[in-house]
Amino acid sequence: MIQKSIFYTSILLIVTFISFGFKPYDNQINQWFDFDSSDEALYIFPSQQNTDYTYLNAPFTGKFFIGYKEAIGFKESQNKYQKVNTLGYMGKYQFGMETLKSIGVSDSARFINNPKLQEKAFVTLLSRNKFILQNYIAKYEGKVISNIKITESGILAAAHLGGAGSVIKFFKSKGERRVKDEYGTSIRSYLKEFAGYETKNIPAIKNARIK
């Protein structure tokens with residue numbers, strides 16, 4: 001009888017000990033993110049609110065160059081390599097045929113079916129435009145013109161949209177010249193939307209062409 005009592009008491013103690021090991025977690029938010037004085041979140045993930053992940057677009061690319069490429073590609077074509085718009089602009093970055101010829105691409109069918117070639121074309125055009133606009137980048141980067149903070153990445157994005165000449169007109173008019181593409185998208189919007197990305201490693205190459 002005594003042995004049975006000892007046995008059941010031991011079982012009870014073991015169960016009690018194990019149950020304390022599964023004590024509910026103290027659901028306090030760790031210091032994974034911070035807020036500035038304006039209550040604007042600097043970082044929003046990780047979060048304990050499932051709704052914060054509903055519209056999450058992973059992977060995180062931030063302000064790195066890969067983020068720059070993907071952001072422009074999404075703006076131009078929703079990152080669709082085979083998209084051709086009503087004006088004949090092609091691919092993920094919506095190149096016109098004249099622009100393609102200027103960087104060494106003459107076969108539109110090959111271009112539209114070759115994602116690697118499209119990515120090379122994008123970087124090649126950036127290099128070409130950076131050479132053309134290097135003096136304007138040096139002169140205006142960091143300044144505010146027409147309520148827009150000017151950055152190198154914004155300048156190059158605007159040149160991708162409207163050509164280097166349109167960007168030069170913008171600066172010569174001190175931001176008063178309103179330049180838009182055929183669909184009404186302004187280079188001002190690209191200067192603002194694509195500001196602050198990492199493009200310093202893009203070389204400035206005169207008459208850059210795809211080999």
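These figures come from a predicted structure and were not determined experimentally.
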Report the C-alpha distance between K116 and Q118 in whole Å, list the side-chain angles of each, state the deciding distance to 0.1 Å, and finish with yes or no for side-chain contact (heavy atoms from CB on, under 4.5 Å). CA-CA 5 Å; K116 288 185 178 180; Q118 292 187 33; over 6 Å; no

Establish whether [X] and [Y] are linked, either directly or via other cluster members, by ILVMFWY side-chain heavy-atom contacts under 4.5 Å.
| X | Y | answer |
| --- | --- | --- |
| I155 | I205 | no |
| I210 | I112 | yes |
| Y190 | I145 | yes |
| F74 | I66 | no |

Verify salt bridge (charged side-chain N to carboxylate O under 4.0 Å, His left out) between E141 and K200, making sure each step is shown before the conclusion. CA-CA 12 Å; E141 187 172 24; K200 295 298 182 183; 3.0 Å; yes

Between [X] and [Y], what is the shortest heavy-atom contact and its length?
| X | Y | value |
| --- | --- | --- |
| A159 | L133 | CB-CD1, 3.7 Å |
| S153 | A195 | OG-C, 3.5 Å |
| A157 | I72 | CB-CD1, 4.0 Å |

Please list every donor-acceptor pair under 3.5 Å in which a side-chain atom of residues 98-105 meets a protein atom from a residue at least two apart or in another chain.
| residue | atom | partner | partner atom | Å |
| --- | --- | --- | --- | --- |
| S102 | OG | T99 | O | 2.5 |

Once you round to the nearest 0.5 Å, how far does CG of N114 lie from CD of E119? 10.0 Å

Point-to-point distance, once rounded to the nearest 0.5 Å, from CZ of R209 to CG of N207: 8.5 Å

Where at least one partner belongs to residues 121-138, residue pairs that pass side-chain hydrogen bond (donor to acceptor under 3.5 Å, both in side chains), sequence neighbours excluded: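 Those involving residues 121-138 are K130-E152.
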
Which residues satisfy the side chain to side chain donor-acceptor pair (under 3.5 Å) test with S146, sequence neighbours excluded? R188

Output yes when a side-chain donor or acceptor of T199 lies under 3.5 Å from a complementary backbone atom of I202, and no otherwise. no

For the side chain of Y81 and the backbone of N113, is there at least one donor-acceptor N/O pair under 3.5 Å apart?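 Judged by distance alone, no pair lies under 3.5 Å.
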
Distance only, no hydrogens: is a donor on one side chain within 3.5 Å (strictly under) of an acceptor on the other, for Y89 and E76?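 The criterion, which ignores hydrogens and geometry beyond distance, is not satisfied for E76 and Y89.
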
Any side-chain donor-acceptor pair under 3.5 Å between Q78 and K83? yes

Do H160 and F194 have ring centres separated by under 6.0 Å?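 No, ring centres 6.0 Å or more apart.
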
Decide if the gap between the ring center of F171 and the ring center of Y140 is smaller than 6.0 angstrom. yes

Hey, are E70 and K92 close enough for a salt bridge, meaning a charged N less than 4.0 Å from a carboxylate O?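 A salt bridge links E70 with K92.
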
Checking ring pair (Phe, Tyr, Trp, His ring centres under 6.0 Å) between F122 and each of F95, Y93, F111, which is the one that passes? Y93

side-chain contact (heavy atoms from CB on, under 4.5 Å) evaluation trace for L156 with Y68: CA-CA 11 Å; L156 295 178; Y68 183 65; 3.6 Å; yes

Taking the six-membered ring of F131 (Phe, Tyr or Trp), confirm whether the NZ or CZ of K206 is under 6.0 Å from its centre and within 45° of its axis.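 So K206 doesn't make the cation-pi contact.
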
